[in-house]
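The shown structure was predicted, so the numbers you read here are calculated from the model rather than taken from an experiment. Sequence lines set the chain letters: A, B, ... in the order given, protein chains first and strands last, and positions in each chain run from 1.
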Amino acid sequence: MAQIFHPSTNTISRVSLFSVLFLIALLLWLLAEFQRSSYITEANVEREQPVQFSHKHHVADDGIDCRYCHTSVETSAFAGIPPTKTCMNCHSQIFRDSPYLEPVRESFRTGKPVEWTRVHQLADFVYFDHSIHVNKGVGCATCHGRVDEMPLIRQVASLQMEWCLDCHREPELYLRPHDQVFDMAWQPPSDQLEQGSRLAKLYKIRSVEELTSCSTCHR
Amino acid sequence: MADQPKYNPLTASTFFDDGRSARPLVVGTVPRGSLAEDNLNVPKDADTFPVPVTRELLARGRERFNIYCSVCHGLLGDGNGMVPRRGFRQPPSYHIDRLREAPVGHFYDVITNSFGAMPDYAAQVPPRDRWAIIAYIRALQFSQHAPLAELPAEDRARLGAGGPR
């Protein structure tokens, strides 16, 4: 019987077999990347807020410390969003006629809180606590980026489990001295690994097993 | 699971009329635990610290002062903070005789109950931290008004030589 396929088709069939494998791998990779993309994580999205509150103005230009407004960040899980009274500490006198501040003044008059839109939102089945991170030398900027350069706040990290674990596996890459935690401009020194390991001992950071155990974050 | 039927801090509530899940204090109630700190609330004219003044207290005071007070009063306490430069009423310098002689109770009262154009800081600064801040203000005042005789010999020599201060 005459051969139906010319011998050269062997190569074609081999190539197409491999390319099917390759295509599947590519699809899986695309899916994984899509899962991590800001389209899913909503990172870098700026939200509409009732007041055009600018961290850039208040933090970088006026030098106000994070804790002036986010008072509970060192002592509790929740960082705290300032009440209207905190804004009025200053805005009772400066920019008191600014139309941008009308919602704040109205809130102060009526006692009805300003309704900010959340920017960071973990799923409810995840337990997160600010105080331990801040007290053990993880800086705000490590997780929230250069807030002092944001006219409107946006999420910088993915906030996915992978992101938390990247640090919980190797916290020494990120730790900084206590007095630098609120410093937005801090850069890791060239011997960060050494300094970080020293700090990890000093702060008594627990073992990687404990920090990556499921029940640390899902309790 | 990702959105459980519970209140996260400060989420809106449909149950309460004012829409707040975080309930304000009922008028006339004392928060649990605050009675233990009642000895920190002194009258205006008291002139002794109700807490021991230690190095740690001063360090804490310095940190808290720089967060909550320096925006208006300046890092030195001279009243040249960032916010007065943008139009807020200029606070007095701490380095005037009246405030150097004012009893510590006066400072406690200013932080707790406000003073003239200055807002109160009762909600942002807990009582113990108020005392830490006051201790630090006293240190600031001393730093600008230290009698020459109390300086260590080394510093006195530096001053005499007119070198960098």
For [X], is the [atom1] atom crowded, meaning more than 12 foreign heavy atoms sit under 6.0 Å from it?
{"X": "A:His178", "atom1": "NE2", "value": "yes"}
{"X": "B:Arg62", "atom1": "CZ", "value": "no"}
{"X": "B:Arg23", "atom1": "CZ", "value": "yes"}
{"X": "A:Glu115", "atom1": "CD", "value": "no"}
{"X": "A:Arg118", "atom1": "CZ", "value": "yes"}
{"X": "B:Arg128", "atom1": "CZ", "value": "no"}
{"X": "A:Gln180", "atom1": "CD", "value": "yes"}
{"X": "B:Glu154", "atom1": "CD", "value": "no"}

query: A:Gln93 side chain to B:Gly87 main-chain N or O, any donor-acceptor pair under 3.5 Å?
result: no
message: Test your reading of the model: is there a side-chain donor-acceptor pair from A:Tyr68 to the backbone of B:Cys69, 3.5 Å cut-off?
response: no
When rounded to the nearest 0.5 angstrom, what distance separates [atom1] in [X] from [atom2] in [Y]?
{"X": "A:Asn89", "Y": "B:Met118", "atom1": "CG", "atom2": "CE", "answer": "8.5 Å"}
{"X": "B:Ile67", "Y": "A:Ile64", "atom1": "CD1", "atom2": "CD1", "answer": "12.5 Å"}
{"X": "B:Arg86", "Y": "A:Ile94", "atom1": "CZ", "atom2": "CD1", "answer": "8.5 Å"}
{"X": "B:Phe88", "Y": "A:His91", "atom1": "CZ", "atom2": "NE2", "answer": "10.5 Å"}
{"X": "B:Asp3", "Y": "A:Phe125", "atom1": "CG", "atom2": "CZ", "answer": "11.0 Å"}

message: At a 4.5 Å cut-off on heavy atoms, which part of A:Gln121 comes close to chain B: side chain, backbone, both, or neither?
response: side chain
task: Measure B:Ala12 against the heavy atoms of chain A and call it side chain, backbone, both or neither at under 4.5 Å.
output: neither
message: Could you check whether B:Arg64 pairs with A:Glu74 (Lys NZ or Arg NE/NH1/NH2 to Asp/Glu carboxylate O, under 4.0 Å)?
response: yes
field: Steps toward side chain to side chain contact (heavy atoms under 4.5 Å, CB included) verdict (B:Gln124, A:Thr86)
entry: CA-CA 9 Å; B:Gln124 281 156 285; A:Thr86 302; 3.8 Å; yes
- prompt: Between A:Val126, A:Leu122, A:Asp65, which has the largest tally of heavy atom pairs under 4.5 Å with chain B?
  reply: A:Asp65
field: side chain to side chain contact (heavy atoms under 4.5 Å, CB included) assessment of B:Val71 paired with A:Asp62
entry: CA-CA 8 Å; B:Val71 284; A:Asp62 301 331; over 6 Å; no
- prompt: Do the non-hydrogen side-chain atoms of B:Leu10 and A:Phe78 ever get within less than 4.5 Å of each other?
  reply: yes
- prompt: Quick one: are A:Met88 and B:Pro119 in side-chain contact, heavy atoms under 4.5 Å?
  reply: no
message: Between A:Asp124 and B:Asn8, do the side chains contain a donor N or O and an acceptor N or O under 3.5 Å apart?
response: yes
- request: List the steps and the verdict of side chain to side chain contact (heavy atoms under 4.5 Å, CB included) for B:Tyr68 and A:Thr71.
  value: CA-CA 10 Å; B:Tyr68 296 108; A:Thr71 40; 3.6 Å; yes
- line: Scanning both residues in full, the closest heavy-atom pair of A:Lys85 with B:Asp120 reads NZ-O, 3.0 Å
